[in-house]
Chemist: 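Got a structure for you, questions after.
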Number of protein chains: 2
Amino acid sequence: MNENILKSTDLKTTKSRLAILLILEKSSVPMTAEDIYSIVVKDVHMSLSTTYRTLGTLSEKGILLKNLSRDGKTYYQINSHQHKHQLVCTLCNDVVPIDGCPLTKLEENLTQQTGFTITGHSLEFFGICPKCTKHIKE
Amino acid sequence: MNENILKSTDLKTTKSRLAILLILEKSSVPMTAEDIYSIVVKDVHMSLSTTYRTLGTLSEKGILLKNLSRDGKTYYQINSHQHKHQLVCTLCNDVVPIDGCPLTKLEENLTQQTGFTITGHSLEFFGICPKCTKHIKE
DNA sequence: GTGGCTGCAAAACCTTTGCACACAA
DNA sequence: TTGTGTGCAAAGGTTTTGCAGCCAC
């Protein structure tokens, strides 16, 4: 229940927040503020700035993951607390999640080599999906 | 000589382009258009839009690498044609280059699993550099 | 009732673009 | 000369913010 998520982080339960969480839970793919807004307004009265503010708040609390993508837009997704990466088609923007993360070991090495305390990384693969590959050839 | 680089890509040799290339060659770290502009204008008369246009052109030609970073700004650097990644301090923005890329093998696996034609990836590590770690503790 | 949440509009921010002029080849 | 490159100013798109009113607790 999403109310509990909000309560556990000292956030008030509001229609906007619940609606946004619901949309993101249903989505298997990261979404932009605009994406989310355009869906939510159909059911709940909400402004775009509230969407941004809510997404910001939820990200700060660690409920969402916030990600600036190659197209200059910020994408949000539920933080499943599983470390994930994704593969993005540069033509149709299709997104495929990738299991596992090959970088844990590398991070250990880096810590030793650089003295950095490593707090995270961003990894995204780009390519052309099977559908688009087909379109090109035709 | 940078003139040769420009000639080899059918670009005219202009003061702006040479100045920008010179700055980026001297820099060990990726820079924003604003960064570059503020340095170049001291010597050469140039507008910010020319900076953007030039950086865009040089990136298209593969002379520069263009990278949208976490802070929402676009960073440019000389394309050394070596596949590189970097480690960024989230406090002071210090950047440390990383040798080698552990992802080649993973890309092969992904191609088989997803049918994507993989064209590239972006990988950045984040952490706190030794200097900042020290500051925090003090 | 009170402080956090929201709507609206305006601004901020980085980046791109239109058009006329300037300059490299 | 010719077409590419440039300056200036204005617009573009996404995201943030100020302020007054509203609502969850």
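Residue numbers start from 1 in every chain, and the chains themselves are labelled A, B, ... in the order their sequence lines are given, proteins ahead of strands. Remember, predicted model here, so these are calculated numbers, not experimental data.
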Chemist: Examine C:dG7: is either OP1 or OP2 under 4.0 Å from a nitrogen or oxygen in the side chain of A:Ser47? Give yes or no.
Modeler: yes

Chemist: Would one find a side-chain N or O of B:Thr74 under 4.0 angstrom from OP1 or OP2 of C:dT15?
Modeler: yes

Chemist: Would you kindly give the CD-to-C1' distance between B:Glu60 and D:dG5, to the nearest whole Å?
Modeler: 14 Å

Chemist: Give a yes or no on whether the backbone of A:Lys12 and the side-chain of A:Arg17 come within a donor-acceptor separation of less than 3.5 Å.
Modeler: yes

Chemist: Quick one, B:Glu108 and B:Thr111 - any side-chain contact, counting heavy atoms below 4.5 Å?
Modeler: no

Chemist: What does the B/S/- profile of nucleotides 16-22 of chain D look like, 5' to 3', with a 4.0 Å heavy-atom cutoff to protein?
Modeler: BBB----

Chemist: Quick check on contacts: within residues 34-43 of chain B, what sits under 4.0 Å from DNA chain C by heavy-atom distance?
Modeler: none

Chemist: Among residues 9-22 of chain B, which residues get a heavy atom nearer than 4.0 Å to DNA chain C?
Modeler: B:Lys12, B:Thr13

Chemist: Applying the 4.5 Å side-chain criterion to the ILVMFWY set and letting contacts propagate, would A:Leu64 and A:Tyr75 be lumped into a single cluster?
Modeler: no

Chemist: Take B:Arg53 and B:Ser49 through the test side-chain contact (heavy atoms from CB on, under 4.5 Å) and record every step on the way to the result.
Modeler: CA-CA 6 Å; B:Arg53 273 193 274 230; B:Ser49 46; 4.0 Å; yes

Chemist: Is any side-chain N or O of A:Thr50 closer than 4.0 Å to OP1 or OP2 of C:dC5?
Modeler: no

Chemist: Hey, what do you get for CD1 (A:Ile63) to OG1 (A:Thr54), rounding to the nearest 0.5 Å?
Modeler: 11.0 Å

Chemist: Using modelled atom types only, decide if a donor and an acceptor are shared between the side chain of A:Thr9 and the backbone of A:Leu6 within a distance under 3.5 Å.
Modeler: yes

Chemist: Carefully, step by step, assess B:Leu24 and B:Leu55 under the rule side-chain contact (heavy atoms from CB on, under 4.5 Å).
Modeler: CA-CA 11 Å; B:Leu24 281 172; B:Leu55 290 170; 4.2 Å; yes

Chemist: Whole angstrom is fine here: how far is it from CG in B:Asp71 over to C1' in D:dT15?
Modeler: 14 Å

Chemist: Step by step, would you call B:Met46 with B:Thr51 a side-chain contact (heavy atoms from CB on, under 4.5 Å)?
Modeler: CA-CA 7 Å; B:Met46 185 175 59; B:Thr51 311; 3.4 Å; yes

Chemist: Rounded to whole Å, please give me the gap between CG in B:Leu6 and C1' in C:dC23.
Modeler: 15 Å

Chemist: Indicate the atoms forming the closest heavy-atom contact of A:Ile36 with A:Met31, along with that distance.
Modeler: CG1-CB, 3.8 Å

Chemist: With a 4.0 Å cutoff (strictly under), does any side-chain N or O of B:Thr57 reach OP1 or OP2 of D:dG5?
Modeler: no

Chemist: Checking all strands, does A:Thr54 fall into the base, sugar-phosphate, or nothing category for heavy-atom contacts under 4.0 angstrom?
Modeler: sugar-phosphate

Chemist: Using atom types as modelled and distance alone, determine if a side-chain donor or acceptor of A:Ser27 lies under 3.5 Å from a backbone N or O of A:Ile23.
Modeler: no

Chemist: CG of B:Leu68 versus P of C:dC14: gap in Å, rounded?
Modeler: 13 Å

Chemist: To the nearest Å, how far apart are B:His45 NE2 and D:dG5 C1'?
Modeler: 13 Å

Chemist: Using the side-chain contact (heavy atoms from CB on, under 4.5 Å) rule, take B:Leu103 and B:Leu110 through it: C-alpha gap first, then chi angles, then the decisive distance, then the call.
Modeler: CA-CA 10 Å; B:Leu103 300 174; B:Leu110 282 176; over 6 Å; no

